[in-house]
There are 2 protein chains.
Amino acid sequence: MNLVLPVREAPARARKIAPAADPSGRIIAGDCIEEMRKLPAKSIDLIFADPPYNLQLGGDLFRPEGGRVDAVDDAWDRFDSLAAYDRFTRAWLTEARRVLKDDGAIWVIGSYHNIYKVGAALQDLDYWILNDIVWRKSNPMPNFRGTRFTNAHETLLWCAKSQDAKYTFNYQAMKALNDDLQMRSDWVLPICSGSERLKDGLGHKAHPTQKPESLLYRVLLACTKPGDVVLDPFFGTGTTGAVAKRLGRQWIGIEREPAYRQAAAERIAATLPLDESAMETIPDKRSQPRVAFGLLVENGMVPAGTVLVDAKRRWKAAVRADGSLSCGPHAGSIHKVGAGLNKAPSCNGWTFWHVEKRGRLVPLDALRQEHLAGLA
Amino acid sequence: MNLVLPVREAPARARKIAPAADPSGRIIAGDCIEEMRKLPAKSIDLIFADPPYNLQLGGDLFRPEGGRVDAVDDAWDRFDSLAAYDRFTRAWLTEARRVLKDDGAIWVIGSYHNIYKVGAALQDLDYWILNDIVWRKSNPMPNFRGTRFTNAHETLLWCAKSQDAKYTFNYQAMKALNDDLQMRSDWVLPICSGSERLKDGLGHKAHPTQKPESLLYRVLLACTKPGDVVLDPFFGTGTTGAVAKRLGRQWIGIEREPAYRQAAAERIAATLPLDESAMETIPDKRSQPRVAFGLLVENGMVPAGTVLVDAKRRWKAAVRADGSLSCGPHAGSIHKVGAGLNKAPSCNGWTFWHVEKRGRLVPLDALRQEHLAGLA
DNA sequence: GTGGAAGCTGAATCCCCTT
DNA sequence: AAAGGGGATTCAGCTTCCA
């Protein structure tokens, strides 16, 4: 397979370095359960695992504009039954436990399709859950049919080997990474796209579920020390290896698919250690969070039934349970109804609509600021 | 226990109203497994459950299954507790499944201590997960010892009774509540505090894990219709009942602790339902009556011979006497011709095709709405 | 070169009634 | 019961192309 590497890297130089000779780590070819059996017991400091999710997708899914969704339909994600997935999960988690040092830790990422089975198995195998972490995607795929909530997050489980294990947690590093606030259990990070996303020679994505380096960066920075050995039993295109190398950690990747191994080897060979650019890619989201008007309805600041008026009291509109307004024939969001009444293409409902308080008109925007102040 | 109610309520008046006489719902005293057994099968539209998960304090909860916790040593105790918690979870989820209508749904909230066991049990019992929702707390308790990430979220599981069930989801209402964007699976809501938090006579919180009404508001608005019956088998101080009453839903709460029942009864008695008009939400198009395009041709709204165009005026099509379109080689319904021209598998002809009126393009959908309004 | 419009894409358990 | 067809449905970020 001829791989096109990201622009910032140097393919020619990368190919000259034999992947197996990378001093910081190695890629093992084969099934992770069998290959973990060959590793010495209690030799690994941290395991990061991104196992198949067992998505169980149905037929084709089309976007509203007509395009077809490029679904994950690879053979490696198909299992005969829920019970078969359970057996697979417990088998690899058992081997993972054997190779893990007593004070080591494991991270597993998944979605609602599999993470509950994984979590239950971890607990049954006497792992001790330290946190569940929510990766909130800033740019998830929408729900095209309007049938459910946008599936906008994935879940990571962080476990020690036992309740009393002395696991590694670089608290101050995490706090520093988060503008001197304690790092929370919900992480907002974009999905892997753009130049970071590995492509094959035809411009198709090299792996259907490549994880962003920012995610691994945070995990490895939080839970390992320089020189620690990180094992990824579902290596894929080697995000774990690339970030481990960059951060000066040792790494071992296990992968069955030759094409993924090849992509990972070239990628990691072209990665330079101690490059702090990944640090910069983690967004410091200090901008004000967006507030939906519906939130003020839910939390009782502007209860359903409230009557809103414009600044000149020309229009009145009633707030409904879902945060929409109704005013004669007009119904919809604060912005849409304002635009409809004004016969304008758009309208800022936050400044257009007011609540009457003790004889004075208070714009919705003031209530929004009040709400934001309450959160701070 | 003498409970002090929130400021906005009127204790004296509340006590005069016999709780059992609330027309919108009732509180059942007792263990939820036993009491659910007495409810008729397939009678409940929605279950919201906030089960206990503190294994240390909850030992006697597991008596219905007969297993008594015998703390020989820590390891045995923990194993026995985990297994007992599993049995307890599967027991109440089984009864819940029995009382649920085939097209009903269940929500369960939990933290990493129990939600993985709950999720695995739900899947084993053939519930079908629709989403996992992350309640991202805007003001969580910090991790004082600096040993883990701040545990800043809880998880809710939303499941249908089977894979092919026709569950209720008010997509448009959720979109309205979120400023005209699809509602995502991560919800940012503050924890229950301030005047909303019920206190006992000594100023202590009446219940250790009282949920915010905003959380229930969103769940019930998304997944029920007015008049639906909502069951909460772990009623506590009745947040589910209060919000159900406010939104015009019927409710049933099951609670073992007399003090919680008393607090819930007083709280709900003092809650007023919303005005009917305020309870309205943006309707889903799917629930509106069908209009055949031919009807608009028959009644002269879009006479045969009218030329339709798409929004970008790239295509033109003539309306024929039977309401079909013809456009070059394409002929058929407004949808079929639109799909053919777009080379798409399908197309919504109502929004694709437009009529020119005084230089402006009016989508057929607007004419359909006009027609429907004329009938009303 | 630059700015804007238009197109493409991401771990997705994605419709429902009539014949 | 399977098939056919009406018709409901998308957000953010990056890339490409054209003016």
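What you see below is based on every heavy atom in this structure, not just the backbone, and it leaves out hydrogens, waters and symmetry mates. Proteins get letters first, then strands, A, B, ... in listed order; numbering begins at 1 in each.
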Quickly work out the A/Arg148 CZ to C/dA12 P distance and round it to whole Å. 13 Å
Nearest whole Å is fine: how far is C/dC16 P from B/Gln288 CD? 16 Å
Nearest-neighbour nucleotide for the B/Arg286 side chain, D/dA8, C/dT13, C/dG10 considered: D/dA8
Using the ring of each side chain (for Trp, its six-membered ring), is A/Phe88 parallel, tilted or perpendicular to A/Phe79, with breaks at 30° and 60°? tilted
Modelled atom types, side-chain donor and acceptor of A/Asp132 and B/His153, under 3.5 Å: yes
Considering every strand and a 4.0 Å limit on heavy-atom distances, what is the contact class for A/Gly59: base, sugar-phosphate, or nothing? base
Please report, rounded to the nearest Å, how far the C1' atom of D/dT10 is from the CG atom of B/Asp180. 13 Å
Given that both distances must come in under 3.5 Å, which nucleotide forms a Watson-Crick or G-U wobble pair with D/dC14? C/dG7
Using the C1' atom on both, measure C/dT13 against D/dG13 and round to a whole Å. 26 Å
Do A/Arg148 and B/Ser185 meet the criterion of a side-chain donor-acceptor pair at a distance under 3.5 Å? no
Nucleotide opposite C/dT2 in a Watson-Crick or G-U pair, distances under 3.5 Å: D/dA19
Under the 3.5 Å rule, do the base of D/dA8 and the side chain of B/Thr351 count as making a donor-acceptor pair? no
Just call it for B/Ile129: base, sugar-phosphate, or nothing, with non-hydrogen atoms closer than 4.0 Å on any strand. base
Report yes or no: is the cationic atom of B/Arg218 (NZ for Lys, CZ for Arg) under 6.0 Å from the centre of the six-membered ring of B/Trp187, at an angle within 45° of the ring normal? yes
Heavy-atom closest pair (A/Ala91 atom, A/Ile33 atom, distance to 0.1 Å) is CB-CD1, 3.7 Å
Measuring to OP1 and OP2 of D/dG7, would you say a side-chain N or O of B/Ser346 lies under 4.0 angstrom away? no
Of the options C/dA11, C/dC17, C/dG7, whose atoms approach the side-chain atoms of A/Ile191 most closely? C/dA11
From D/dG7, C/dC14, C/dA11, nucleotide with atom closest to B/Asn348 side chain: D/dG7
Under-4.0 Å salt bridge between B/Lys175 and B/Asp284: no
Would you measure the distance from the C1' atom in D/dT10 across to the matching atom in C/dC8 and give it in whole Å? 13 Å
Tell me which one of A/Arg267, A/His207, A/Glu213 satisfies side chain to side chain donor-acceptor pair (under 3.5 Å) with A/Thr239. A/Arg267
Among D/dG13, C/dG10, C/dA11, which is the nearest nucleotide to the side chain of A/Ser138? D/dG13
Rounded to whole Å, NE2 of A/His113 lies from P of C/dA11 at a distance of 13 Å
Taking the chi torsion of D/dT9, is it syn (within 90° of 0) or anti (everything else)? anti
What contact category does A/Asp50 fall into here, base, sugar-phosphate, or nothing, at under 4.0 angstrom with non-hydrogen atoms? base
Does C/dA11 have OP1 or OP2 sitting under 4.0 Å from an N or O in the side chain of A/Arg197? yes
Return the nearest nucleotide to the side chain of A/Val72; candidates are C/dG7, C/dA11, C/dC14. C/dA11
Scan A/Cys192 against the nucleic acid and name what it touches under 4.0 Å (heavy atoms): base, sugar-phosphate only, or nothing. nothing
Integer-rounded Å distance: C/dT13 P and B/Leu157 CG: 14 Å
Is there a side-chain contact between B/Lys175 and the phosphate of D/dT10, meaning an N or O under 4.0 Å from OP1 or OP2? yes
Does D/dT10 have OP1 or OP2 under 4.0 Å away from a side-chain N or O of B/Tyr171? yes
Determine whether the aromatic ring of B/Trp128 stacks with the base of C/dT13, defined as ring centroids separated by less than 5.5 Å and ring planes inclined by less than 30°. yes
Would you please confirm or rule out a distance under 4.0 Å between OP1 or OP2 of C/dA11 and any side-chain N or O of A/Gln56? no
Looking at every strand, decide which applies to B/Asp284 at a 4.0 Å heavy-atom threshold: base, sugar-phosphate, or nothing. nothing
Think A/Lys205 has a side-chain N or O under 4.0 angstrom from the OP1 or OP2 of C/dG10? yes
Can you say whether a donor on the side chain of A/Lys211 sits under 3.5 Å from an acceptor on the base of C/dA11, or the other way round? yes
Please pick, from D/dG7, C/dG10, D/dT9, the nucleotide with the shortest atom-to-atom distance to any side-chain atom of B/His335. D/dG7
So what does B/Pro345 hit on the nucleic acid, given a heavy-atom distance under 4.0 Å: a base, only sugar-phosphate, or nothing? nothing
Of the options C/dA12, D/dG7, C/dA11, whose atoms approach the side-chain atoms of A/Val69 most closely? C/dA12
Please determine, for the side chain of B/Leu181, which listed nucleotide (D/dC11, D/dG13, C/dA12) has the closest atom? D/dC11
Considering every strand and a 4.0 Å limit on heavy-atom distances, what is the contact class for A/Thr209: base, sugar-phosphate, or nothing? base
In whole Å, what separates the P atom of C/dA11 from that of D/dT15? 16 Å
State, with a plain yes or no, whether a side-chain heavy atom of A/Asn151 is found less than 4.5 Å away from one of A/Asn143. no
Give one of base, sugar-phosphate or nothing for A/Glu65, where a contact means two heavy atoms less than 4.0 Å apart. base
Whole-Å distance, B/Asp164 CG to C/dC15 C1', equals 13 Å
Nearest-Å distance for atom pair CE/C1', residues B/Met183 and D/dT9: 17 Å
If you find the nucleotide of DNA chain C closest to A/Asn139 and the one closest to A/Gly146, which residue's nucleotide is nearer the 5' end? A/Asn139
When you measure only distances, ignoring hydrogens and angles, does the side chain of B/Arg368 come within 3.5 Å of the base of D/dG7 through a donor and an acceptor? no
Is there a side-chain polar atom (N or O) of A/Arg145 under 4.0 Å from OP1 or OP2 of C/dC15? yes
What's the gap between D/dT16 and C/dG1 when it is taken at their C1' atoms, as a whole Å value? 16 Å
Students often mix this up, so state it plainly: with edges at 30° and 60°, are the rings of B/Trp158 and B/Tyr167 parallel, tilted or perpendicular? perpendicular
Between B/Trp353 and B/Lys316, the two heavy atoms sitting closest are CZ3-C, 4.4 Å
Under 4.0 Å between any heavy atoms, over every strand shown, what does B/Gln172 touch: base, sugar-phosphate, or nothing? Just pick one. sugar-phosphate
Nucleotide forming a Watson-Crick or wobble pair with C/dC16, both distances under 3.5 Å: D/dG5
C/dC14 versus C/dT18 - spacing of their P atoms, nearest Å: 23 Å
A/Ala71 side chain: which of C/dA12, D/dG6, C/dC14 is closest? C/dA12
Output the rounded distance in Å from CD1 (B/Ile282) to C1' (D/dA8). 16 Å
